[in-house]
Amino acid sequence: MATWIWHPEWTEHPTDSAGSFVHFRKTITLTEIISKPVYIHITADTKYKLYINCEFVSAGPVKGDRHLWFYDELNIQPYLRLGANTINVKVLRLYHATTHATSFPRLHVPGLLIRNVGLDPDLGINIQTDGSWETTLDESTTLPTDILEDAFLHIYEKVGQYTTQPNWIPAKPLVFPTSHGLSAPWKLSPRMIPFPQYESVTFKAIHNIESNQPRANWEEALLGPHDTDSEGINLPAGSRHHLELEAENHTTALLYFRFKCPAHTGSTMQVTYSECYEDVPNTVPWIRRKGDRCDTRKKLVGPQDEYNIPGLADQKLRSTLTYNSNCSDEDVFAPFHFRTFRFLALDITVSALSDLTMKRVDITTTKYPLRVLADFDVPPADTVYRQMWTTSIRTLSNCMHDCYEDCPFYEQLQYVMDTRSSALFTYCCSGDDRLARQAIIQLHNSYSPAVGLTASRAPAHQLQLIPHFSLFWICMISDHFEYFNDAEFVRQFLPVCDGVLDSFARRIDSKLGLIRLSDSSQQWDFVDWADSWKPLGIPPAAERTGFSSYTNMLYAYTLKRISEVLVSVDRPGVAGEYQLRADATRLAVKSHCFDGRFFTDGIASEATCDNDYSQHGQVWAVLSGTATGNLAFDIIAECTAVSGTRTFTQTSTAMSFYTLRAMSMVGGSLYDERFHGFWGPWKDQLSLNLTTWLEDTVSQRSDCHAWGSSPIYEFTTEVAGIRMGTPGWKTMIFHPRVGLFPALDVKVPFGVPGSSGMAHVHWKREENTIKISLSLNMDTGESVRMPIRVVFPDGHNELMDGAEDINLTLNVD
């Protein structure tokens with residue numbers, strides 16, 4: 001029977017490292033070739049890498065928590081061979097009793113578990129974990145916690161030398177109570193998302209070489225496709241070398257630095273990971289000074305790995321810890337966790353005792369296997385929009401791994417507001433909801449009945465509460481129902497939705513009818529990274545008056561969104577209650593946070609300065625239904641104008657998605673008129689040679705953050721005009737904005753898993769007419785059965801049959 005196992009002499013040393021590596025091994029002997037699948041379940045706390053016969057098999061598990069700990073099911077048959085088979089597992093255990101490595105949840109007990117799955121006992125294959133496994137502690141590697149650029153991950157490695165032979169001893173089976181409702185601490189579940197997508201890529205250029213070796217030698221060794229038998233580049237004893245490597249795009253990848261094993265120890269390599277070239281930062285890592293990301297006259301700033309390259313004698317000492325079939329004459333530094341970078345700086349110091357040969361650097365990109373089905377193409381004159389599309393897709397995919405990530409370079413945390421946008425963008429470009437479903441569940445599991453809120457980010461090792469983000473989680477549920485009509489899935493979350501909404505209702509002031517700001521120092525009333533709201537992202541008027549119009553309007557918006565779901569799942573009574581709450585909140589906002597022309601960030605009677613007015617206030621007034629009709633149009637037109645009668649705090653990259661929603665919602669020609677100018681900050685980024693969208697234009701901390709990928713939504717839903725009419729795509733609305741581009745060719749996925757399809761939108765302007773076509777195709781080959789409501793540029797609409805291609809000819813001036 002499989003049991004959890006661990007090293008019997010394990011202790012935590014949190015003063016000098018965020019965690020440690022523990023190695024496990026077992027050898028099995030096969031007397032016959034296995035031709036049928038051999039399945040196992042494997043998981044570890046905190047992360048594992050599995051190798052069979054020195055060949056990498058898998059890494060995992062997906063980040064879990066105390067409610068849901070994932071395991072992987074693997075078929076290991078392709079890796080087995082006749083005779084002896086060595087099974088190795090390298091486990092990264094991050095220390096539990098610290099706040100380090102916030103991005104990686106772990107439980108209070110470490111462990112490794114492997115289970116056989118339905119194996120024929122006559123095959124002689126038994127690799128499940130028990131006392132027959134051996135284990136040893138890795139005493140050479142620490143995970144520093146004092147790197148200025150690394151406040152969250154703590155996965156960077158400082159690798160020293162082994163001074164003694166690893167001490168392999170029997171692993172200790174862990175015993176847990178298994179009765180009276182007690183069990184092991186991990187609540188095991190199969191992984192909910194597909195395995196990562198891996199792809200080999202190469203560096204494109206080398207910059208700022210400081211070396212006694214010529215550029216041509218470095219380029220031959222490190223650029224382009226590599227011959228595994230390549231001699232590499234020889235670095236003389238006692239020499240020093242600095243060079244900077246550029247990848248084609250911002251990248252998340254597993255790295256393998258390969259050397260010929262030198263005769264003597266003493267050579268070292270430091271790897272600095274960076275997203276761009278920049279001036280010396282104002283504050284590391286928070287406030288940066290960046291311009292042209294490829295200006296090689298500037299510096300590369302970022303976290304580092306440090307690696308001591310072993311000589312032949314050291315290599316023999318650590319040979320049983322080497323997951324490399326060529327360990328007799330090759331040394332490989334392979335950081336355990338993937339690295340994020342666009343540029344690498346290598347600093348190599350060669351021992352005075354022997355030369356060092358660097359063979360090559362292998363890059364294997366890793367990310368969620370996002371299958372992009374949508375496409376967007378425009379005439380050559382508008383190619384910047386095609387570039388915006390591809391950059392948005394790249395940014396989104398670089399922020400998808402175990403979960404949605406706010407930024408892969410710094411945090412790798414699944415924040416709710418960020419994740420809502422990323423999930424919507426995923427639906428629009430792929431129709432894939434698996435990562436979103438997992439996110440909704442994980443955030444649900446973080447709910448605390450004592451405070452009535454979900455965590456702001458989950459899974460995570462450190463709890464953080466941002467009340468507004470719990471409302472965005474409810475909106476994620478509403479979005480999912482709208483796109484996929486999965487009542488069974490969303491129904492399970494409704495009690496927690498009610499708990500969250502009630503936590504806001506309990507803060508309603510009896511006199512004003514408005515929700516007060518939280519009075520708990522343990523909660524952060526963050527709104528947006530607006531420049532004038534730094535450092536905490538809270539409107540000054542809200543802090544000064546104790547009331548935030550944003551909080552109240554987001555609350556009303558959320559009540560409206562979830563009440564529509566409740567009606568669809570046959571809970572009209574609760575839906576009616578929510579609608580009444582929303583009505584009362586909108587009335588209170590208009591009574592106390594409206595000066596007769598614009599909405600203020602706090603109480604209108606106390607608004608005395610321009611800093612009390614924001615785009616946020618006008619946008620959320622519209623989205624919540626507090627402002628309608630001409631008022632809605634006027635306030636959005638004014639707050640998004642290049643120059644107006646009042647100064648408004650601008651929405652950041654994160655919140656710009658909602659500005660666009662309000663511009664669309666007020667109708668008229670406003671969205672079309674503002675469209676091309678709105679994308680100025682995105683076009684500026686392209687001119688500065690970014691290959692992914694930055695976090696925000698103020699701090700410029702990270703160069704990759706998926707909330708900037710709004711073009712995915714806008715180009716498919718607003719420009720091409722493809723959106724669902726009723727939940728689950730039972731009907732479709734087709735409202736193309738034909739005035740934005742003279743020609744367009746777009747593909748948009750629609751539908752639900754098992755019956756999904758592709759909408760193909762094409763139009764072209766010819767003199768005084770525009771010819772538009774819409775065709776729908778199902779991936780099952782079945783005919784389309786979907787009424788389509790076509791909205792014409794003049795506002796009138798017609799119901800058409802989606803079973804036939806729709807072809808329209810419109811007269812234009």
Side-chain angles (χ1 to χ4, degrees), residues 1-14 18-28 38-52 57-74 76 86-98 101 104-119 121 125-138 166-192 321 323 336-337 402 442 445 459 461:
M1 178 180 177
T3 59
W4 286 84
I5 62 173
W6 198 244
H7 195 287
E9 300 173 3
W10 165 264
T11 57
E12 293 196 358
H13 302 285
S20 297
F21 292 103
V22 183
H23 304 268
F24 296 86
R25 72 179 183 184
K26 181 173 182 175
T27 299
I28 62 172
V38 177
Y39 291 104
I40 63 168
H41 291 165
I42 180 171
T43 189
D45 191 342
T46 307
K47 288 284 186 178
Y48 78 84
K49 278 188 174 180
L50 171 65
Y51 299 81
I52 298 180
V57 178
S58 181
V62 171
K63 293 177 184 176
D65 54 37
R66 63 188 180 90
H67 300 284
L68 206 61
W69 195 269
F70 296 108
Y71 64 81
D72 296 323
E73 181 170 292
L74 307 173
I76 63 172
T86 303
I87 318 298
N88 291 91
V89 185
K90 184 177 183 179
V91 177
L92 167 60
R93 169 60 180 181
L94 293 162
Y95 299 142
H96 182 265
T98 74
F104 300 93
R106 56 273 193 186
L107 303 192
H108 62 283
V109 182
L112 167 68
L113 177 68
I114 302 176
R115 301 187 296 210
N116 298 332
V117 182
L119 284 181
I125 303 174
N126 180 14
I127 69 166
Q128 61 186 15
T129 45
D130 54 27
S132 65
W133 280 71
E134 291 183 309
T135 181
T136 188
L137 300 173
D138 189 329
N167 181 30
W168 288 95
I169 60 176
K172 177 184 178 181
L174 304 180
V175 180
F176 301 101
T178 57
S179 64
H180 301 83
L182 302 175
S183 63
W186 305 275
K187 309 309 176 188
L188 294 178
S189 168
R191 68 183 293 137
M192 298 179 63
L321 304 181
Y323 307 104
F336 185 87
H337 190 65
D402 274 8
Q442 290 175 321
N445 290 347
H461 186 56

Between [X] and [Y], which heavy-atom pair has the shortest distance, and what is it?
X	Y	value
R106	A101	NH1-O, 2.8 Å
L107	P185	CD1-O, 3.4 Å
I125	V38	CD1-CG2, 3.8 Å
V117	E73	CG1-OE1, 4.4 Å
G131	P170	O-CB, 4.2 Å
F70	P190	CD2-O, 3.4 Å

Has the side chain of [X] got a donor or acceptor atom that lies under 3.5 Å from a matching backbone atom of [Y]?
X	Y	answer
H7	E9	yes
Q442	K63	yes
K49	V89	no
H23	W168	no
E12	H96	yes
T129	T3	yes

Trace of the side-chain contact (heavy atoms from CB on, under 4.5 Å) decision for W10 with V22:
CA-CA 9 Å; W10 165 264; V22 183; 3.7 Å; yes
Answer yes or no: is there a side-chain heavy-atom contact under 4.5 Å between [X] and [Y]?
X	Y	value
F21	R93	no
Y95	S20	yes
Y71	P61	no
I127	I76	yes
N126	Q128	yes
F24	V91	yes

Residue from T43, I42, I40 passing side-chain contact (heavy atoms from CB on, under 4.5 Å) with D72:
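With D72 as partner, side-chain contact (heavy atoms from CB on, under 4.5 Å) holds for just one option, I42.
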Among T136, T135, N88, which residue satisfies the side-chain contact (heavy atoms from CB on, under 4.5 Å) criterion with R25?
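It is N88; the other options fail the test.
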Say you draw a straight line from NZ of K187 to CG of D65; how long is it, rounded to the nearest 0.5 Å?
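Here the rounded value is 12.0 Å.
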To the nearest 0.5 Å, what is the distance between CD1 on I5 and CD1 on I114?
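The CD1 atom of I5 sits 7.0 Å away from the CD1 atom of I114.
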Could you go step by step and tell me if L74 and Y39 meet the side-chain contact (heavy atoms from CB on, under 4.5 Å) rule?
CA-CA 5 Å; L74 307 173; Y39 291 104; over 6 Å; no
Between W186 and W4, what is the ring plane arrangement, given parallel below 30°, perpendicular above 60°, and tilted in between?
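If you compare the ring of W186 with that of W4, the planes turn out parallel.
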In terms of ring plane angle, is the pair Y323 and Y51 parallel, tilted or perpendicular, where the classes change at 30° and 60°?
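Taking Y51 first and then Y323, their aromatic rings lie parallel (interplane angle under 30°).
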I'd like to know whether T27 forms a side-chain contact (heavy atoms from CB on, under 4.5 Å) with I87, so could you lay out the CA-CA distance, the side-chain angles of the two residues, the decisive distance to 0.1 Å, and finally the verdict.
CA-CA 6 Å; T27 299; I87 318 298; over 6 Å; no
side-chain contact (heavy atoms from CB on, under 4.5 Å) evaluation trace for N445 with L68:
CA-CA 8 Å; N445 290 347; L68 206 61; 4.0 Å; yes
Using a strict cut-off of less than 4.0 Å between a Lys/Arg side-chain nitrogen and an Asp/Glu carboxylate oxygen, indicate whether D402 and K47 qualify as a salt bridge.
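Counted as a salt bridge, because a side-chain N and a carboxylate O are separated by less than 4.0 Å.
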